[in-house]
*Asks:* 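I'd like to ask some things about the structure below.
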Number of protein chains: 2
Amino acid sequence: MDLRHLKSFLIVAEELNIGRAAMRLHISQPPLTRQIQQLEEELGATLLIRTNRGVELTEAGLLLVEEARNILALTEQAAERTHKAGQGKLGRIDVGIFGSGIFGVLPKILLAFREAYPEVNIVLHNMNKREQIDALRQRRLTVGFNRLLPDEPDIAVELIVKEKLYLAINSKQALSKKKEIPWAEIGNHPLVLFPSGARPSFIDWVLDLCRADGIKPWVAQEVGDAVNGVALVASGFGICIVPESATNMKLPGVVYRPLIRNPPPEVDLSCLYRASDDSPILHSFLAIARTFRD
Amino acid sequence: MDLRHLKSFLIVAEELNIGRAAMRLHISQPPLTRQIQQLEEELGATLLIRTNRGVELTEAGLLLVEEARNILALTEQAAERTHKAGQGKLGRIDVGIFGSGIFGVLPKILLAFREAYPEVNIVLHNMNKREQIDALRQRRLTVGFNRLLPDEPDIAVELIVKEKLYLAINSKQALSKKKEIPWAEIGNHPLVLFPSGARPSFIDWVLDLCRADGIKPWVAQEVGDAVNGVALVASGFGICIVPESATNMKLPGVVYRPLIRNPPPEVDLSCLYRASDDSPILHSFLAIARTFRD
DNA sequence: TTCTGACATACCGTAAAGGTATGGCAGGGT
DNA sequence: ACCCTGCCATACCTTTACGGTATGTCAGAA
């Protein structure tokens with residue numbers, strides 16, 4: 001069965017006159033007559049009763065009109081949806097996020113993407129760095145966000161923003177009176193560090209900076225992410241070094257102060273994706289994400 | 001969009017290899033490659049990622065697989081259903097019946113038809129003779145059943161059975177002791193006649209018979225149909241002439257006795273339909289009905 | 001490097017689809 | 001009663017497009 005035949009048949013059923021229907025279809029009458037004949041032969045059913053004043057529908061014809069309307073509507077919709085999917089306007093995107101990532105530019109990117117592509121279903125997955133890379137390779141993720149990413153050949157990494165570092169301090173501590181904290185001060189207080197899993201990570205980068213400056217940090221506790229770190233600061237465990245985005249997390253008894261060092265300490269927030277992935281949804285997403293680059 | 005292209009695409013999506021898919025479709029590889037290319041161009045979306053080991057589906061392709069499965073299944077079903085409708089195996093038939101018709105051969109015909117054509121929806125309409133003919137002309141009925149039908153050029157009438165006449169008698173009457181009742185006896189008892197509407201009808205035919213025999217009937221009451229007539233007999237209104245089929249209606253206090261006359265009094269049960277109607281459902285139905293002819 | 005397996009391209013022949021002209025049939029008007 | 005008109009069907013021709021064969025191109029494996 002041919003969709004063109006169904007379309008023709010529908011027009012004939014509307015006009016009840018093969019000649020007029022042929023005009024509407026921009027073909028001449030004989031081919032249309034033949035199309036209907038072929039359709040009837042293929043279906044093994046008489047669809048039209050030919051009269052001298054035109055045609056009328058049989059019951060089989062009447063039934064086929066309903067079915068054909070359905071089929072053609074479904075087909076149009078399928079074409080439309082496939083086209084949209086091809087442009088990255090329809091579908092699903094799995095985004096890997098991490099603990100403190102949720103406070104900074106990431107929600108702004110997600111919101112902008114949702115507004116630009118409302119028919120793309122955004123699914124968020126909380127994962128650490130290692131899990132994100134594995135999930136990307138297994139196609140469980142389309143894109144991930146993280147910091148301090150290793151250079152792997154099949155995973156592309158794009159810097160989104162560099163964030164300055166802040167020190168989370170319990171407001172009862174004298175240190176909280178200072179407007180800015182010199183980097184060297186880190187060595188003088190018990191330190192809460194994160195994240196605990198998936199080395200090397202933010203922890204190691206901080207420790208490397210300290211080693212470079214000849215500072216011996218006093219590590220009081222390792223925690224999973226910035227949220228837990230700042231929570232411990234609130235209850236007086238010590239100080240905690242966090243990226244700027246985490247300062248959006250207001251907790252009672254915690255203040256944030258900029259850390260001063262030369263060169264200024266900055267940590268990246270990057271997105272990562274399969275280098276070989278050229279799916280339109282990913283690239284629509286990356287285009288939005290890039291507008292948030294400094 | 002072409003259904004053949006969708007079919008081809010589905011096979012390609014199953015094989016993930018254009019060459020193998022072409023073999024399954026019994027065509028060579030280049031035309032299939034072109035079909036997919038045309039499909040992609042028409043939809044404005046990349047459906048396949050060509051690799052050196054075959055092809056894989058894009059998200060748009062994955063979506064189209066689902067849509068295509070739907071469309072093709074619906075199309076097959078439409079063809080199947082239309083074919084059945086063309087054979088009179090699927091659809092709807094509107095059958096006009098009348099009061100006492102429901103007791104005799106009519107339910108047997110309906111049952112046989114329902115068993116032979118289970119996918120045809122039988123809709124019954126209780127109508128008198130005039131209403132049936134009008135409804136047929138307006139296509140609200142496919143076929144009707146009635147007695148003593150007038151000869152009209154556009155309405156075909158086919159005799160199904162001739163029924164002998166019986167007399168419904170209250171069992172308290174002395175008359176009920178007789179095994180058979182001579183026709184002339186009718187004049188000696190109060191008579192319940194039916195149907196009341198749509199003259200000429202059964203009533204007139206009975207009165208004509210009486211007139212021919214020189215009998216003056218004593219008409220006690222006219223009622224709408226045999227059911228009401230026999231009910232009045234049960235409560236002692238008088239006697240009532242009924243066709244054989246109505247004797248299936250057992251009411252307490254009513255007995256049925258054959259009426260004897262020369263020639264024997266018989267009334268027809270016929271079906272009627274539009275003479276120009278050659279719809280397969282009607283003719284399937286008529287074929288079943290004819291098997292019940294004597 | 002070469003070989004293999006896969007998809008893409010070029011070109012040709014045939015089959016299917018459309019166009020023109022005409023036939024056949026049934027109603028309605030004269 | 002006849003012809004005229006409108007409509008669908010048929011015959012025949014033209015054009016389109018679809019499939020087949022041969023070949024190109026590319027990437028990964030031996």
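Chain identifiers are assigned alphabetically (A, B, ...) following the order of the sequence lines, protein sequences preceding nucleic acid strands; residue numbering begins at 1 within each chain. Here the structure is a predicted model, which is why all the values come from computation and not from measurement.
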*Asks:* Just call it for A:Q29: base, sugar-phosphate, or nothing, with non-hydrogen atoms closer than 4.0 Å on any strand.
*Replies:* base
*Asks:* Would you say a side-chain N or O of A:T33 is under 4.0 Å from OP1 or OP2 of D:dC8?
*Replies:* no
*Asks:* Roughly how many Å is it from CE in A:M23 to P in D:dC7, rounded to a whole number?
*Replies:* 11 Å
*Asks:* Rounded at 0.5 Å granularity, tell me how far CD1 in A:I122 sits from CD1 in A:I109.
*Replies:* 11.0 Å
*Asks:* Atom CE in B:M1, atom CG in B:L64: separation rounded to 0.5 Å?
*Replies:* 6.5 Å
*Asks:* Does a side chain donor of either A:D278 or A:H283 reach within less than 3.5 Å of an acceptor in the other side chain?
*Replies:* no
*Asks:* As an exercise, state the distance from CG of A:L32 to NE2 of A:H5, rounded to the nearest 0.5 Å.
*Replies:* 9.5 Å
*Asks:* Atom CD1 of B:I49 to atom P of C:dA8: distance rounded to whole Å?
*Replies:* 13 Å
*Asks:* A:E40 has an atom CD; how far is it from atom P of D:dC8, in whole Å?
*Replies:* 13 Å
*Asks:* Can you tell me if B:E131 uses its side chain to pair, donor with acceptor, with the backbone of B:N128 under 3.5 Å?
*Replies:* yes
*Asks:* Between B:Q35 and B:S8, is there a side-chain donor-acceptor contact under 3.5 Å, judged purely by atom types and distance?
*Replies:* yes
*Asks:* Determine, step by step, whether B:T33 and B:Q29 satisfy the side-chain hydrogen bond (donor to acceptor under 3.5 Å, both in side chains) criterion, reporting the C-alpha distance in whole Å, the side-chain angles of both residues, the deciding distance to 0.1 Å, and the verdict.
*Replies:* CA-CA 6 Å; B:T33 292; B:Q29 170 257 318; 2.9 Å; yes
*Asks:* How long is the gap from CG on A:L124 to CD1 on A:I97, to the nearest 0.5 Å?
*Replies:* 4.5 Å
*Asks:* Is a salt bridge present between B:R130 and B:E152, judged by a nitrogen-to-oxygen distance below 4.0 Å?
*Replies:* yes
*Asks:* Side chain of A:P30 only, please: which of D:dC8, D:dA22, D:dT10 is the nearest?
*Replies:* D:dT10
*Asks:* Could you go through nucleotides 16-18 of chain C and list every protein N or O atom that sits under 3.5 Å from one of its N or O atoms, giving the distance for each pair?
*Replies:*
unit_1	atom_1	unit_2	atom_2	d
C:dG18	OP1	A:R4	NH1	3.2
C:dG18	OP1	A:Q35	NE2	3.2
C:dG18	OP2	A:Q35	NE2	3.4
C:dG18	N7	A:R34	NH2	2.7

*Asks:* Are any protein N/O atoms closer than 3.5 Å to N/O atoms in nucleotides 26-30 of chain D? If there are, list each pair with its distance.
*Replies:*
unit_1	atom_1	unit_2	atom_2	d
D:dA27	O3'	B:N52	ND2	3.3
D:dG28	O4'	B:N52	ND2	3.1

*Asks:* For DNA chain D, determine which residues of residues 12-21 of chain B have any heavy atom closer than 4.0 angstrom to one of its atoms, and list them numerically.
*Replies:* none
